[in-house]
**Q** 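Provided herewith is a single structure, encoded as structure tokens, for subsequent inquiry.
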Amino acid sequence: MNTPDRDVWIIGGSRGLGHEIARQYANAGRPVVGFARSVIADAAPFRHVSTLDVSDDVAVDATIDHTIRERGTPALVVYLASQLYQGSILTRVDADLVREVDVNYLGFVRVARALARHKDAAHATRLVATASTLGYIGTPSLDNFSAAKAALVSFARSARFELGGRGIEIAIVSPPHMENGADLIGPQRYPMSWAAPRFAREAAGRRSEYLLGSSNRSMQAMARYVPGLARSIMQGIGADALQRGASSTHA
């Protein structure tokens, strides 16, 4: 399925993990197409770039339709578009809440739906949802982001059965904790140089769901077997974020 001559799409490729994994694929000789809400300043890893606001269903349909007609069905699509608002739920306005759910969850639904409309029996597409430990274990002051990521995971697990027959193979990959603009504390911080190549390899692999980094897997095990300790760690992350005040990051 992931033949070298077919495109890899990075949705949310303007900076951070999206831009770095684009570089990984490009260095391996893969043709990479980048999509982002704002203009991608450093287009070096990409064969083609396009602006795309994943909260706009008309734009998602039109952009994906146009790109497939121009370049063919992609082999791999990695959804890295994200929006994170940090701060107390008591001070958050509805527009921020809606935007966070729209980008982190509903945008992926729109992309999956648009890709499935271009059923191609000869060329399947692997669609990767980027999850988060925060979606598996709730986190104070990041309540809505956690809920949006939990919805993303649930949808991806469910939709893979419906869309598999339309040539869309849905996978879920959770990156490890690393610098993401919000500077969240965590049990272990991984450098981008470690995370990007491993995320790129896992995204293009065959597993349907995987958590990168021993800290992610440890948190999952704690949530199951020592839930009190897991809650304490996540509350620490949330309390630190709350103390540093409201902020917003996006990709």
Side-chain angles (χ1 to χ4, degrees), residues 1-37 40-50 52 54 71 74-82 84 104 107-108 111 124-136 149 152-153 156 160 168-221 249-251:
M1 180 184 67
N2 282 321
T3 51
D5 59 326
R6 293 175 60 213
D7 284 347
V8 172
W9 291 6
I10 307 298
I11 299 178
S14 60
R15 60 188 181 85
L17 182 60
H19 200 272
E20 287 304 312
I21 67 169
R23 195 181 307 280
Q24 296 290 321
Y25 292 127
N27 288 343
R30 303 293 299 273
V32 187
V33 177
F35 300 85
R37 183 171 60 182
I40 298 176
D42 179 9
F46 302 103
R47 295 278 184 90
H48 176 78
V49 295
S50 181
L52 176 63
V54 296
R71 302 187 58 85
L76 174 65
V77 178
V78 185
Y79 188 89
L80 281 146
S82 66
L84 184 148
N104 292 296
F108 182 83
V111 169
T125 296
R126 180 172 167 90
L127 171 61
V128 178
T130 302
S132 168
T133 305
L134 277 62
Y136 295 99
K149 286 295 187 179
L152 173 69
V153 169
R160 66 167 56 113
I168 307 298
E169 173 197 320
I170 297 182
I172 304 166
V173 181
S174 295
H177 175 73
M178 55 191 169
E179 174 60 53
N180 62 356
D183 197 29
L184 304 176
I185 66 168
Q188 185 174 358
R189 186 187 298 273
Y190 292 83
M192 186 68 74
S193 59
W194 185 95
R198 287 165 176 79
F199 188 99
R201 185 166 60 246
E202 194 61 44
R206 301 185 65 86
R207 281 189 279 211
S208 60
E209 188 164 349
Y210 191 67
L211 289 87
L212 277 172
S214 58
S215 60
N216 263 348
R217 295 190 291 274
S218 295
M219 284 301 301
Q220 284 284 70
T249 60
H250 69 86

**Q** Kindly compute the distance separating CZ (Arg217) from CG (Leu212), expressed to the nearest 0.5 Å.
**A**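 Here the interatomic distance stands at 7.5 Å.
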
**Q** Applying side-chain contact (heavy atoms from CB on, under 4.5 Å), run through Ile172 and Arg160 and close with a yes or a no.
**A** CA-CA 10 Å; Ile172 304 166; Arg160 66 167 56 113; 3.9 Å; yes

**Q** Leu152 and Lys149: side-chain contact (heavy atoms from CB on, under 4.5 Å), yes or no, with the steps?
**A** CA-CA 5 Å; Leu152 173 69; Lys149 286 295 187 179; 4.1 Å; yes

**Q** Would you name the heavy atoms of Pro74 and Thr125 that are closest together and state the gap between them?
**A** O-OG1, 2.6 Å

**Q** Looking at CD1 of Ile11 and CG of Leu127, how far apart are the two atoms once the value is rounded to the nearest 0.5 Å?
**A** 7.5 Å

**Q** Given the rule in the side-chain contact (heavy atoms from CB on, under 4.5 Å) test, do Tyr136 and Asn216 qualify, once you have shown the distances and angles that lead to the verdict?
**A** CA-CA 10 Å; Tyr136 295 99; Asn216 263 348; over 6 Å; no

**Q** Could you measure the distance from the CD1 atom of Ile10 to the CZ atom of Arg23? Nearest 0.5 Å is fine.
**A**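 Nearest 0.5 Å value for the CD1-CZ distance: 12.0 Å.
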
**Q** What pair of heavy atoms forms the shortest contact from Gly34 to Ile40, and how long is it?
**A**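 It is C-CD1, 3.9 Å.
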
**Q** Minimum heavy-atom separation for Ala43 and Val49, please, with both atom names.
**A**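 Nearest heavy atoms, Ala43 then Val49: CB-CG1, 4.1 Å.
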
**Q** To the nearest 0.5 Å, how far apart are CZ in Arg126 and CD1 in Ile170?
**A** 11.0 Å

**Q** Evaluate the side-chain contact (heavy atoms from CB on, under 4.5 Å) criterion for residues Phe35 and Val77: first the C-alpha distance (whole Å), next the side-chain angles of each, then the deciding distance (0.1 Å), finally the verdict.
**A** CA-CA 11 Å; Phe35 300 85; Val77 178; over 6 Å; no

**Q** Given Val173, which partner from the list Arg198, Glu202, Glu209 fulfils the side chain to side chain contact (heavy atoms under 4.5 Å, CB included) test?
**A**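 Only one of Arg198, Glu202, Glu209 forms a side chain to side chain contact (heavy atoms under 4.5 Å, CB included) with Val173, namely Glu202.
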
**Q** With a 3.5 Å distance limit and no angle check, can you tell me whether Arg6 reaches the backbone of Leu76 through a side-chain donor-acceptor pair?
**A**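 Pair absent, no side-chain N/O of Arg6 close to backbone of Leu76.
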
**Q** Can you see which heavy atom on Arg47 is nearest to which on Arg71, and at what distance?
**A**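 Looks like CB-NH2, 4.0 Å.
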
**Q** At what distance, to the nearest 0.5 angstrom, does CD of Gln24 lie from CZ of Arg30?
**A** 13.0 Å

**Q** Do Tyr79 and Val54 have side chains that approach each other closer than 4.5 Å (heavy atoms only, starting at C-beta)?
**A** yes

**Q** Hey, are the side chains of Val33 and Ser50 touching, using non-hydrogen atoms and a 4.5 Å cut-off?
**A** no

**Q** List the atom of His19, the atom of Gly13, and the distance in Å for their closest heavy-atom pair.
**A**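 For His19 versus Gly13, the nearest heavy atoms are CD2-O, 3.3 Å.
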
**Q** Please report the closest heavy-atom contact between Ala200 and Tyr25, naming both atoms and the distance.
**A** O-OH, 2.7 Å

**Q** Quick check against the 3.5 Å criterion: does Asp7 have a side-chain atom that pairs as donor or acceptor with the backbone of Trp9?
**A** no

**Q** Applying ring-ring contact (aromatic ring centres under 6.0 Å, His included), can you list everything that pairs with Phe199, at least two apart in sequence or on another chain?
**A** none

**Q** To the nearest 0.5 Å, tell me how far Ile21 CD1 sits from Leu80 CG.
**A** 4.5 Å

